[in-house]
2 protein chains.
Amino acid sequence: MSTAEKPSYKVIGTRPIRHDGVDKVTGRALYGADIKLSRMLYGATVRSPHAHAKIVRIDTSQAELMPGVRAVITSEDVPEQGDRVVELGEGAVNMRHLAANVMAREKVLYKGHVVAAVAADDVHTAEEACARIEVEYETLPPVLDLLKAMSADAPILNDDIRTESIGSAPSGSDQQTNVAKHFMFEKGDIKQGFADADIIVERTFDTAMVHQGYIEPHNATAHWNADDKITVWMSTQGTFSARQQTAELLLMPVSSVKVVPMEIGGGFGGKISVYLTPLAALLSKKTGRPVKILMSRTEVFEATGPTPGSHMRVKLGAKSDGTLVAGEAWIAFEAGAYTGSPIGAACMCVFACYDLPNGQVEGFDVCVNKPRTNAYRAPGSTHVAMATETLVDELCEKLKMDPTEFRIKNAAGEGTRRVDGPVYPRIGMVETVEAIRDSEHYKTTLDGKFCGRGVASGFWFNVGLKSSVSATVNSDGTVALVEGSTDIGGTRTSIAMQLAETLGIAAEDVNPVVVDTDSIGYTDITGGSRVTFSTGIAAINAAISIQEQMCQRAAILWETDAENVRYEEGHLVGPSDQRLSFRELAEKLRELGDAVVGYGTSGSETQGGAFGTHCVDVEIDPELGKVQILRYTIAQDAGTAIHPSYVEGQMQGGVVQGIGWALNEEYWYDEQGEMHNPTFLDYRIPTCYDVPMIDTIIVEVPDPQHPYGVRGVGEVPICPPPAAIANAIYDALGIRMTELPMAPHRVLAAYLGRNTDD
Amino acid sequence: MSTAEKPSYKVIGTRPIRHDGVDKVTGRALYGADIKLSRMLYGATVRSPHAHAKIVRIDTSQAELMPGVRAVITSEDVPEQGDRVVELGEGAVNMRHLAANVMAREKVLYKGHVVAAVAADDVHTAEEACARIEVEYETLPPVLDLLKAMSADAPILNDDIRTESIGSAPSGSDQQTNVAKHFMFEKGDIKQGFADADIIVERTFDTAMVHQGYIEPHNATAHWNADDKITVWMSTQGTFSARQQTAELLLMPVSSVKVVPMEIGGGFGGKISVYLTPLAALLSKKTGRPVKILMSRTEVFEATGPTPGSHMRVKLGAKSDGTLVAGEAWIAFEAGAYTGSPIGAACMCVFACYDLPNGQVEGFDVCVNKPRTNAYRAPGSTHVAMATETLVDELCEKLKMDPTEFRIKNAAGEGTRRVDGPVYPRIGMVETVEAIRDSEHYKTTLDGKFCGRGVASGFWFNVGLKSSVSATVNSDGTVALVEGSTDIGGTRTSIAMQLAETLGIAAEDVNPVVVDTDSIGYTDITGGSRVTFSTGIAAINAAISIQEQMCQRAAILWETDAENVRYEEGHLVGPSDQRLSFRELAEKLRELGDAVVGYGTSGSETQGGAFGTHCVDVEIDPELGKVQILRYTIAQDAGTAIHPSYVEGQMQGGVVQGIGWALNEEYWYDEQGEMHNPTFLDYRIPTCYDVPMIDTIIVEVPDPQHPYGVRGVGEVPICPPPAAIANAIYDALGIRMTELPMAPHRVLAAYLGRNTDD
């Protein structure tokens with residue numbers, strides 16, 4: 001761990017046992033599928049076998065006749081949204097599209113698109129009833145290729161889409177199109193920049209659609225009460241977001257929906273949008289009983305939000321001394337059936353690691369007949385890191401510069417303005433490169449004929465946003481901490497530790513709980529690497545409020561004014577050096593007035609972010625094209641690592657997902673738009689045989705926007721691996737891979753054809 | 001409704017539909033018995049058939065051999081408490097006694113006393129296993145009579161009890177005794193007072209042990225997790241009290257126990273003490289699985305806390321002009337097996353309605369072989385009202401004064417010092433008497449040979465204590481209100497209305513929820529007529545905090561300072577007369593900084609209280625002795641009635657319970673201490689055939705200690721009925737009834753023997 005003038009913390013930086021650990025290892029933790037309610041019904045869905053078709057007719061009569069079937073719904077039961085556009089926290093959302101994605105109306109736009117749903121006494125009856133629902137389709141030609149989808153003569157998926165221009169993009173036309181969004185960001189003079197460049201590299205890249213691959217499938221249980229209050233139990237990355245989406249889709253006030261968070265078996269961005277919740281609610285409304293729906297793994301693959309496949313053309317120019325002078329990017333993302341890909345973030349991230357004087361980024365969000373894409377861990381940034389970091393490697397090669405030297409020379413730093421506008425506060429990009437440069441791994445020579453080493457960097461935002469917590473002092477000196485942030489990556493503990501640090505008590509003496517939307521103040525999603533940062537600030541504010549109240553109570557006890565009492569390292573200190581520990585005063589609170597309850601909120605937006613630099617060694621089987629990871633080291637700026645084990649776990653987990661994306665994962669579609677590998681047998685995520693232990697170097701460049709300097713760490717580790725591995729493959733074989741995944745057949749083909757391809 | 005200079009409220013005083021109404025009428029509300037958990041076991045208890053015995057031996061071996069039995073516990077599994085005395089919110093509690101009441105150790109002290117408990121796969125197996133547990137007892141003579149129990153030669157129930165002296169009582173001796181407490185309160189010069197009196201009346205009274213008769217039996221489900229965190233689901237009047245009792249009994253920190261409140265089917269003071277919860281927890285600890293235990297009705301009668309039977313001698317002296325000059329009371333209460341009767345409150349209440357210059361009150365808490373008594377609606381006050389109000393009636397008769405005139409002349413008022421010390425702030429005793437005097441009922445002549453009319457007054461405290469609430473503004477302009485006060489009598493609505501009034505929004509726009517002990521600040525029990533008063537103050541404080549935050553947010557919107565924004569009647573008003581409703585600003589909050597969350601606590605003790613005066617007409621069947629209630633009017637000072645329907649409901653409900661106590665209810669013990677009527681077939685609570693519609697007059701003399709003048713209203717209506725009915729019986733038959741219940745056989749005996757008795 002690299003540190004500089006690190007403050008002395010008592011709790012931060014230690015590794016207490018996680019508060020939810022026992023429930024997780026004993027199987028007591030309750031996930032969405034574990035809910036059982038009195039008189040609960042089970043739901044199932046009818047899904048389109050076609051990627052693109054008109055719905056001509058749906059006959060539910062045979063299903064409705066089945067004993068045990070309690071309700072059937074189609075799009076006729078889903079409220080019409082008209083032209084509503086609603087601010088859903090993460091941006092303005094076309095509600096007609098969101099509703100149609102939940103239940104197709106008129107058209108189906110991807111295989112697996114829901115067209116009807118059933119509630120029955122048991123799941124088998126529900127599934128059998130689904131099989132008896134007859135849907136007549138008029139098939140349409142599927143649009144599966146990104147570039148073809150952009151062409152003027154492509155079949156149109158959504159007849160209400162016109163290209164929306166963002167940034168400096170030219171105004172869109174009034175033509176029907178599959179291009180939903182057109183981004184343009186510019187900085188400096190791109191023409192002059194390339195004119196000044198001594199070396200220019202340019203390549204085209206393609207990445208496959210990949211899935212987050214969370215363990216737990218989507219789930220929702222809903223009860224629509226007789227008073228039109230709807231309670232939902234589900235695993236979600238954001239209870240308040242799920243509440244608002246559900247309420248807006250049902251045309252109900254947000255306060256009529258209560259979302260009760262269950263434990264969540266992975267999200268990675270894929271558990272923000274609602275899919276089943278409105279269906280369960282509508283089935284409950286029809287039956288008056290709670291309805292539970294679970295997805296199968298195939299439904300998860302075919303019909304939830306993976307990250308888009310992409311097509312990118314990126315160009316970099318540098319002076320012969322290694323100074324980057326210009327960068328240009330053209331990026332198209334598969335939106336899937338409806339707009340919503342992370343193309344905007346991709347445009348912001350593509351050159352985010354570098355201090356680039358002249359840049360232009362153009363991005364396109366393009367509808368294709370695949371599931372509507374969604375966030376996946378640093379959404380969009382992994383795609384563009386594959387492009388930029390491969391080209392940086394190529395520049396280094398041509399400049400004969402060490403890749404760490406080049407990155408240190410050109411790294412973004414405090415005051416750097418990104419191409420899309422924002423100016424960085426203190427960031428740790430350079431420090432992560434230095435950490436790799438100085439690592440034992442990087443200093444060790446790699447031998448072996450088909451072995452290679454690659455380096456790549458990556459960036460992701462910390463978004464800030466709103467959080468609320470409350471914290472109550474118990475008479476035994478412990479603190480009950482109430483949060484609205486659902487805990488995916490250990491944030492119960494990382495937030496509890498910040499409260500504990502501020503109060504000067506032990507992490508074990510804080511008991512964090514995540515509660516429903518009726519029981520805590522508004523809290524944005526667990527996403528955008530924001531929770532340890534922003535909910536942490538809320539917890540610190542609550543702790544400061546508790547400090548003040550404890551000083552007041554001690555002042556009553558010592559018959560002095562509160563201003564004469566100091567709070568020092570978990571102790572109250574009076575004007576005559578009276579001294580009580582937090583616990584000792586807690587035990588006396590009964591006689592000292594109102595309960596001591598601290599509350600805290602946070603709501604800033606931040607311009608900081610997290611950077612990481614990775615180094616990977618690979619060995620390639622020249623006959624099979626299989627890439628084996630020999631050694632992997634990740635250096636990442638955590639600002640201040642609250643719980644280093646969690647930070648390391650996030651770093652390692654991100655790398656593993658990045659390795660999967662780099663080498664194996666992809667949606668295999670046929671020409672009719674059917675995915676041929678929608679199971680974990682055929683969609684190959686890395687196993688323990690595929691990855692070595694990932695070595696981690698936590699770099700700590702405190703974020704000045706957080707009292708303890710925290711940076712979100714959960715997302716950026718997924719960004720560099722594909723590029724780092726591609727660079728390592730180049731080092732080993734002399735071939736530049738530009739298509740993900742770099743599966744054996746592609747590596748082999750590139751290696752065998754290297755003289756013609758490169 | 002009588003009002004004077006009443007402020008103009010928009011929400012207070014209206015009658016919105018209760019927030020929990022739909023769940024209650026549709027059967028969706030979840031009570032303690034409705035809990036089902038994965039792998040849950042069912043518990044049952046072995047109870048003593050004897051009222052007083054030593055436990056010689058318990059053989060659980062046959063029970064443990066039964067298939068399906070998972071655990072058996074006896075007192076050996078209950079942690080030993082030693083001499084611990086713990087402050088449990090309602091006073092210092094001898095933990096050895098509390099533990100022994102939950103599970104008998106060495107001795108059983110009443111029939112129904114738990115000696116063992118079983119957890120099994122189903123309740124039938126658990127009950128059968130209980131039947132196979134052999135307990136060998138050595139029976140001891142039961143002590144059932146209050147006066148005999150006080151005698152020096154009485155068998156001793158608890159060998160560790162020595163008389164505790166309270167107030168000005170002489171110090172107790174070091175002798176073993178059944179007299180656990182001796183109270184003495186004095187004011188003025190009692191001898192001189194009676195010497196100055198022209199008329200003195202004195203009588204002896206006896207009241208029977210009676211039960212609260214709540215619909216829902218006691219219940220507890222507990223899960224002792226592998227990390228030694230214990231979760232409890234139960235219906236209780238106080239989650240934090242239940243938490244502390246359970247933790248202390250298990251020798252665990254309070255924060256290791258989480259109490260989740262279920263809906264509560266009546267409490268009336270009887271659902272404060274824990275009975276089953278520690279047993280369920282210990283069975284869960286042994287099995288690693290959740291354990292649910294429910295009581296039968298017989299168990300509820302025999303082994304939970306009824307209100308004590310009493311023996312009282314009270315004496316009043318008045319001048320011939322009707323001025324009360326002296327009062328003396330000697331009161332003994334059945335504590336039951338262990339100390340804990342409301343004798344202290346009885347001593348404070350006995351003369352609380354009157355401005356008595358000279359008084360002396362002596363009280364005794366006496367152990368007998370009956371269940372440990374507990375609070376029951378204005379605990380202790382009904383007993384003493386029976387005595388005092390009967391004697392006041394007798395004084396009026398002798399003075400030939402109208403009973404309302406006498407009470408108005410002598411009523412306690414602002415500045416009156418009670419015999420036990422406290423001085424009243426503004427109270428409404430006189431106004432309740434005036435309301436009865438001026439009522440159509442009182443002005444109407446009652447005819448009929450065996451008909452009579454009686455008047456009586458009563459007093460009960462509002463205790464204040466601690467409450468915490470939080471309240472979050474939703475984007476649809478509603479407010480989510482989180483409370484720790486379990487809702488027995490409609491307090492979700494009465495608290496929500498105070499929040500709504502303060503914010504100037506509709507009651508329907510507040511959504512109140514009652515949450516578990518981990519999710520809200522410390523909150524004392526729902527008891528002592530405190531919740532609408534004290535939790536209401538907390539809610540008002542939360543609303544004021546929301547007002548301030550809303551002004552800040554409006555100031556951001558209007559680009560001014562918060563001090564330039566006014567909050568007026570649910571609107572934000574800016575310096576240039578900009579105007580936004582609460583809802584309009586709520587819709588804009590997303591862009592205006594942190595979430596708006598208001599928090600409030602309260603913690604004052606109060607010296608106020610509630611008074612009521614009742615008038616009843618009865619007709620008596622001279623052959624059967626049966627008393628029929630013809631007409632009943634209650635006038636009560638509610639301070640300010642938040643939700644008049646609830647206030648009226650409390651008034652009517654209290655009167656009905658008072659009528660039951662007056663006329664029918666009692667524990668029928670035989671000489672061995674066996675209760676012969678432990679079912680609702682034989683323990684006769686009033687039905688709709690027994691009571692007319694109770695007419696209510698809400699008097700409003702605002703309590704200056706509450707921003708809206710609220711007084712707690714739930715308890716005092718039970719106090720006057722027995723005395724009012726006794727006075728009516730006297731009016732009808734010329735006999736003074738001095739024993740409760742005034743069941744037909746007693747009325748008939750008194751009537752037939754009236755010449756000798758009176």
Side-chain angles (χ1 to χ4, degrees), chain A residues 19 21-23 25-26 28 30 34 36 38 87 89 223 225-229 244 247 253-256 258 288 466-468 470 472-482 484 509 511 513 515-523 538 589-590 592-599 601-604, chain B residues 19 21-23 25-26 28 30 34 36 38 87 89 223 225-229 244 247 253-256 258 288 466-468 470 472-482 484 509 511 513 515-523 538 589-590 592-599 601-604:
Chain A
H19 296 82
V22 167
D23 275 357
V25 299
T26 59
R28 274 279 163 202
L30 294 176
D34 296 323
K36 279 182 202 160
S38 172
E87 182 63 41
H223 178 233
N225 208 6
D227 57 0
D228 285 337
K229 299 278 186 187
Q244 195 189 356
V254 290
S255 60
S256 65
K258 173 165 89 172
K466 293 185 211 286
S467 289
S468 306
S470 71
T472 300
V473 179
N474 289 315
S475 59
D476 58 9
T478 62
V479 176
L481 170 62
V482 183
D509 285 344
N511 177 27
V513 291
V515 297
D516 64 67
T517 50
D518 278 359
S519 306
I520 185 72
Y522 182 83
T523 299
L589 285 178
R590 188 194 292 278
L592 299 173
D594 295 8
V596 173
V597 190
Y599 301 95
T601 54
S602 62
S604 61
Chain B
H19 296 82
V22 167
D23 275 358
V25 299
T26 60
R28 273 282 164 199
L30 294 175
D34 295 323
K36 281 181 201 159
S38 172
E87 182 62 42
H223 179 233
N225 208 5
D227 58 0
D228 285 338
K229 299 278 185 188
Q244 194 189 357
V254 289
S255 60
S256 64
K258 173 165 90 171
K466 293 184 211 288
S467 288
S468 306
S470 71
T472 300
V473 179
N474 289 315
S475 59
D476 58 9
T478 61
V479 176
L481 171 62
V482 183
D509 285 343
N511 177 26
V513 292
V515 297
D516 64 66
T517 50
D518 278 359
S519 306
I520 185 71
Y522 182 83
T523 299
L589 285 179
R590 187 193 293 278
L592 300 172
D594 296 8
V596 173
V597 189
Y599 301 95
T601 54
S602 62
S604 60

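Computed from a predicted structure; not experimentally measured. A, B, ... follow the sequence lines: proteins, then strands. Residue 1 opens every chain.
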Nearest heavy atoms of [X] and [Y], plus distance in Å:
X: B:Thr601; Y: A:Val597; value: CG2-CG2, 4.2 Å
X: B:Arg590; Y: A:Glu87; value: NH2-O, 3.2 Å
X: B:Ser602; Y: A:Asp594; value: C-OD1, 3.2 Å
X: B:Thr472; Y: A:Gly521; value: OG1-CA, 3.3 Å
X: A:Tyr599; Y: B:Ser470; value: CE2-CB, 4.4 Å
X: A:Val254; Y: B:Ser475; value: CG2-OG, 3.5 Å

Looking at CG of B:Asp518 and CG of A:Asn474, how far apart are the two atoms once the value is rounded to the nearest 0.5 Å?
->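 Those atoms lie 7.5 Å apart.
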Drop me the distance from A:Tyr522's OH to B:Leu589's CG, to the nearest 0.5 angstrom.
->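 Output value for this atom pair is 11.0 Å.
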Taking A:Arg28 for its side chain and B:Ala226 for its backbone only, find out whether a donor-acceptor pair lies under 3.5 Å.
->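 Checked: no pair found.
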Side chain from CB out, backbone as N, CA, C, O: work out which of these in A:Val513 comes under 4.5 Å of a heavy atom of chain B, or both, or neither.
->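 For A:Val513, side-chain heavy atoms alone lie under 4.5 Å from chain B.
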Toward chain B, the part of A:Asn225 with a non-hydrogen atom under 4.5 Å |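 For A:Asn225, the side chain is the part near chain B, not the backbone.
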A:Asn511 and B:Ser255: side-chain donor and acceptor closer than 3.5 Å?
->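 There is no such pair between these side chains.
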Residue among B:Val515, B:Leu481, B:Asp23, B:Leu30 with most heavy-atom pairs under 4.5 Å to chain A =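 Among the listed options, the one with the most contacts to chain A is B:Asp23.
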When heavy-atom pairs shorter than 4.5 Å are enumerated against chain B, which of A:Ala538, A:Ser519, A:Gly288, A:Ser468 gives the highest number?
->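 Of A:Ala538, A:Ser519, A:Gly288, A:Ser468, A:Ser519 has the most heavy-atom pairs under 4.5 Å with chain B.
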